[in-house]
Amino acid sequence: MRMSQLFVPTLREVPAEAETISHQYLLRAGMIRRIAAGIYTYLPLAQRVLEKIEEIVREEMNKQGGQELKMPTLHPAELWQESSRWDAYGRELFRLRDRHERDYCLGPTHEEVITDLVRREVNSYRQLPLLLYQIQTKFRDEIRPRFGLMRGREFTMKDLYSFDRDQDGLDVSYQKMYDAYSAIFRRCALKFRVVEADTGAIGGTDSHEFIVVADTGEDEIIYCEACDYAANVERAVAALAGEEDTAEPLKDLKLASTPGMTSIDDVVSFLGTEPQRLLKTLVYLAIDGEAYKPVVVVLRGDREVNEIKLQNHLGCMHLALADAQTVEEITQAPVGFAGPVGLKDVRIIIDAEVPTVVNGICGANRADYHWINVNPQRDFPPAEIMDLRRVAAGDKCHFCGNPLKSDRGIEVGHIFKLGTKYSVAMDATFLDEAGRKKPMVMGCYGIGIPRTMAAAIEQNHDENGIIWPLSIAPYQVVIIPVNSKNAEHMELAEDLYTRMNRVGIEVVLDDRDERAGVKFNDADLIGFPLRLTLGPRSLKEGKVEIKDRATGKVTLVEIGEAVAVIKDRIEEMGKGWA
RNA sequence: CGGGGCGUGGCGCAGUUUGGUAGCGCACAUGGUUUGGGACCAUGGGGUCGUAGGUUCAAAUCCUAUCGCCCCGACCA
């Protein structure tokens with residue numbers, strides 16, 4: 001491809017709309033343009049990168065026995081009503097109506113459609129397992145589209161759905177996808193971690209997320225370097241602390257005056273104690289549509305509530321901290337003085353760590369007073385106990401006791417064991433050897449393609465631009481003749497360009513009549529892995545320069561050997577990933 | 001939806017406080033000089049100041065409404 005013909009409108013300045021690196025560089029390198037919030041046009045360079053990622057995905061899916069198909073984007077409402085997700089999916093679902101007033105939605109995911117297909121066409125255990133996938137545009141009316149391609153409302157996703165006869169079969173399919181995903185992200189040269197994850201709205205039992213490590217990521221992951229434990233913070237568990245304190249004798253419950261001390265910090269400094277002695281007491285509202293119920297939650301003063309865990313436990317659709325008025329109704333005291341001692345007629349859930357607190361402190365449900373020497377078993381009834389806390393770096397690993405670490409990252413892939421949720425709801429069954437009718441056991445496995453591209457940029461860039469890993473670079477090489485007015489140099493460049501094309505190297509010839517600086521800067525911004533420079537300096541000696549974008553290393557080679565050297569370099573760079 | 005910010009040539013911004021008839025840099029076009037890390041000179045084209053209504057002799061500027069975009073929180077690949 002000739003740079004003079006390539007449609008890459010690069011930008012010198014950073015567009016005001018972009019905050020994150022990937023967003024800025026995608027815009028500046030002329031790869032994407034926004035048409036509305038979370039909706040983008042992919043220009044030729046981006047299209048090439050996406051195709052490369054898709055091809056890697058396709059190869060790995062096929063290798064595991066996946067078969068590609070294509071499904072409709074427009075889904076009839078009935079299908080979604082059948083799985084009861086027409087209501088459950090909420091406002092994220094793009095809904096529309098046809099001229100006959102029939103309801104449809106734009107598919108945000110395709111469990112319903114694929115399950116409908118498979119239930120019609122598959123009847124026997126002999127036809128299982130079945131692994132079907134699609135690489136298609138999906139639509140989600142995100143609450144807040146963000147960070148360019150990271151969270152769009154229209155985006156390409158690879159989704160594979162597995163159908164098995166039983167749980168063991170599902171385990172096999174799941175492992176295949178786990179392996180395939182690891183291979184895919186390795187081939188894309190991304191640094192990633194696989195973590196246990198919450199299943200969210202999709203439902204199901206086990207699930208793992210593939211997280212590309214990046215400071216700008218929306219997800220926080222917790223992991224242990226001593227053992228293999230790794231989980232999204234939404235789900236992460238840690239060992240209980242506080243057991244070493246238990247030697248202390250129980251003291252008598254006492255009321256203490258704490259005027260105006262409404263926060264943990266206030267109480268800690270006022271009473272000269274430590275936050276882990278406090279019993280933080282919060283009132284939540286479990287919301288289901290119009291209905292809502294208050295729930296009191298207790299945990300140690302130095303801990304935070306993991307609302308996802310709480311919500312999963314309660315089984316409600318939404319969760320919110322109660323307003324001041326509700327808090328007063330329940331505790332008979334202003335906000336800041338709540339405690340579990342003496343609370344009645346309300347559901348109380350305590351974190352698993354709370355029972356380890358000895359002679360603790362909590363609000364007295366009375367303005368300006370706290371209880372001291374509170375002992376959970378003695379002073380308030382044994383409520384529901386569950387793991388409620390949000391794990392943080394430094395907490396001890398539940399499995400091996402080592403301190404946990406945390407990282408931020410971007411969720412590029414997510415695999416789920418769905419079980420029979422959809423097959424039961426939609427009656428997708430088969431007959432086993434004994435002629436018994438059974439629901440299929442399903443799994444689903446997604447990869448966000450544009451997000452993977454964006455994540456690759458977050459992880460591979462410098463102050464000059466993108467540094468594409470070879471495997472997903474839009475082109476492998478750019479040839480830059482320093483002086484486009486020099487006919488001899490241009491001829492040489494043309495010759496190298498032709499020969500590279502002939503041996504299958506993906507190459508761009510920067511034949512524009514621009515100054516060298518402009519070409520170099522565009523080359524760095526776009527991020528071609530290799531740059532071949534033709535200029536008087538080296539040509540005097542019959543040589544050309546080959547510069548590696550990632551390392552900045554420059555090597556001089558004889559003109560006649562340039563193509564062979566580039567070819568070798570590409571092969572070398574490709575090794576280790578394939 | 002709650003909180004914060006922003007809409008002025010293609011891009012980045014100034015002008016808004018204190019109304020007076022739109023400006024700078026980059027980009028673009030033409031000519032010339034340049035040519036190894038975003039050149040220089042000259043000339044030129046391009047803006048209903050997000051939209052609608054109002055106040056006023058006069059509105060980018062003041063008032064009202066509305067739309068869009070970005071950032072922080074609840075959702076997810």
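Lettering of chains follows the sequences in order, A, B, ..., and the numbering in each one begins at 1.
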task: Would you mind building the protein contact string for nucleotides 31-38 of chain B? One character per nucleotide, 5' to 3', B for base within reach (heavy atoms under 4.0 Å), S for sugar-phosphate only, - for untouched.
output: ---BBBBB
Could you work out the separation of [N] and [M] based on their [atom1] atoms and round it to a whole Å?
{"N": "B:A60", "M": "B:U8", "atom1": "C1'", "answer": "7 Å"}
{"N": "B:G53", "M": "B:C69", "atom1": "P", "answer": "23 Å"}
{"N": "B:G3", "M": "B:A77", "atom1": "P", "answer": "29 Å"}
{"N": "B:G47", "M": "B:G15", "atom1": "C1'", "answer": "14 Å"}
{"N": "B:G5", "M": "B:G44", "atom1": "C1'", "answer": "37 Å"}
{"N": "B:A27", "M": "B:C11", "atom1": "C1'", "answer": "7 Å"}
{"N": "B:G45", "M": "B:A29", "atom1": "P", "answer": "16 Å"}
{"N": "B:U61", "M": "B:U21", "atom1": "C1'", "answer": "12 Å"}

Residues in side chain to side chain contact (heavy atoms under 4.5 Å, CB included) contact with [X], at least two apart in sequence or another chain:
{"X": "A:Glu51", "result": "A:Gln47"}
{"X": "A:Ala37", "result": "A:Pro145, A:Arg153"}
{"X": "A:Leu96", "result": "A:Leu74, A:Tyr104, A:Leu106"}
{"X": "A:Glu491", "result": "none"}

Take the protein atom [atom1] of [X] and the nucleotide atom [atom2] of [N], then report the distance between them rounded to whole Å.
{"X": "A:Ile287", "N": "B:A74", "atom1": "CD1", "atom2": "C1'", "answer": "10 Å"}
{"X": "A:Glu411", "N": "B:C76", "atom1": "CD", "atom2": "C1'", "answer": "6 Å"}
{"X": "A:His414", "N": "B:C76", "atom1": "NE2", "atom2": "C1'", "answer": "9 Å"}
{"X": "A:Arg146", "N": "B:C75", "atom1": "CZ", "atom2": "C1'", "answer": "9 Å"}
{"X": "A:Phe147", "N": "B:C76", "atom1": "CZ", "atom2": "P", "answer": "17 Å"}
{"X": "A:Ile143", "N": "B:G3", "atom1": "CD1", "atom2": "P", "answer": "17 Å"}
{"X": "A:Glu142", "N": "B:A74", "atom1": "CD", "atom2": "P", "answer": "13 Å"}
{"X": "A:Arg153", "N": "B:C75", "atom1": "CZ", "atom2": "P", "answer": "19 Å"}

query: Between A:Arg151 and B:A77, is there a side-chain N or O to OP1/OP2 distance below 4.0 Å?
result: no
side-chain hydrogen bond (donor to acceptor under 3.5 Å, both in side chains) partners for [X], two or more places apart:
{"X": "A:Arg2", "answer": "A:Glu494"}
{"X": "A:His110", "answer": "A:His75, A:Gln134, A:Lys138"}
{"X": "A:Ser162", "answer": "A:Tyr445"}
{"X": "A:Glu13", "answer": "none"}

Pairing nucleotide - [N], Watson-Crick or G-U, each distance under 3.5 Å:
{"N": "B:C6", "value": "B:G68"}
{"N": "B:U61", "value": "none"}
{"N": "B:U30", "value": "B:A42"}
{"N": "B:G73", "value": "B:C1"}
{"N": "B:C24", "value": "B:G12"}
{"N": "B:U18", "value": "none"}
{"N": "B:G36", "value": "none"}

Base, sugar-phosphate or nothing for [X]? Non-hydrogen atoms, less than 4.0 Å.
{"X": "A:Phe210", "value": "nothing"}
{"X": "A:Asp159", "value": "nothing"}
{"X": "A:Arg91", "value": "nothing"}
{"X": "A:Gly90", "value": "nothing"}

- prompt: Between A:Arg187 and A:Glu59, is there a salt bridge with N-O shorter than 4.0 Å?
  reply: yes
query: If you round to the nearest 0.5 Å, how far is CG of A:Leu190 from CD1 of A:Ile211?
result: 12.5 Å
- request: Consider only side-chain N and O atoms of A:Ser22 and A:Arg451, and report whether a donor and an acceptor are under 3.5 Å apart.
  value: no
Flag for A:Arg531-A:Thr533: side-chain donor and acceptor within less than 3.5 Å: yes
Face-on cation placement of A:Arg95 at A:Trp80 ring, 6.0 Å and 45° thresholds: no
query: Are A:Arg193 and A:Phe210 in a cation-pi contact, defined as NZ or CZ under 6.0 Å from the six-membered ring centre and within 45° of the axis?
result: no
- prompt: Between A:Pro450 and A:Ile35, which has a closest nucleotide on RNA chain B that is more 5'?
  reply: A:Ile35
task: Nearest-nucleotide wise, let me know which of A:Pro145 and A:Glu218 is further upstream toward the 5' end of RNA chain B.
output: A:Pro145
Listed pairs, N/O of protein and of nucleotides 12-14 of chain B, under 3.5 Å:
{"residue": "B:G12", "atom": "OP1", "partner": "A:Ala16", "partner atom": "N", "Å": "2.8"}

Residues within residues 48-62 of chain A bordering RNA chain B, heavy-atom distance below 4.0 Å: none
- prompt: How about A:Asp495: does its CG atom have over 12 heavy atoms from other parts shown lying under 6.0 Å from it?
  reply: yes
- prompt: Between A:Asp351 and A:Arg389, which heavy-atom pair has the shortest distance, and what is it?
  reply: OD1-N, 3.2 Å
- line: Closest non-hydrogen contact found for A:Ser207 with A:His414 is OG-NE2, 2.9 Å
Check nucleotides 40-42 of chain B against the protein and report each pair of N or O atoms closer than 3.5 Å, with its distance, or say if there are none.
none

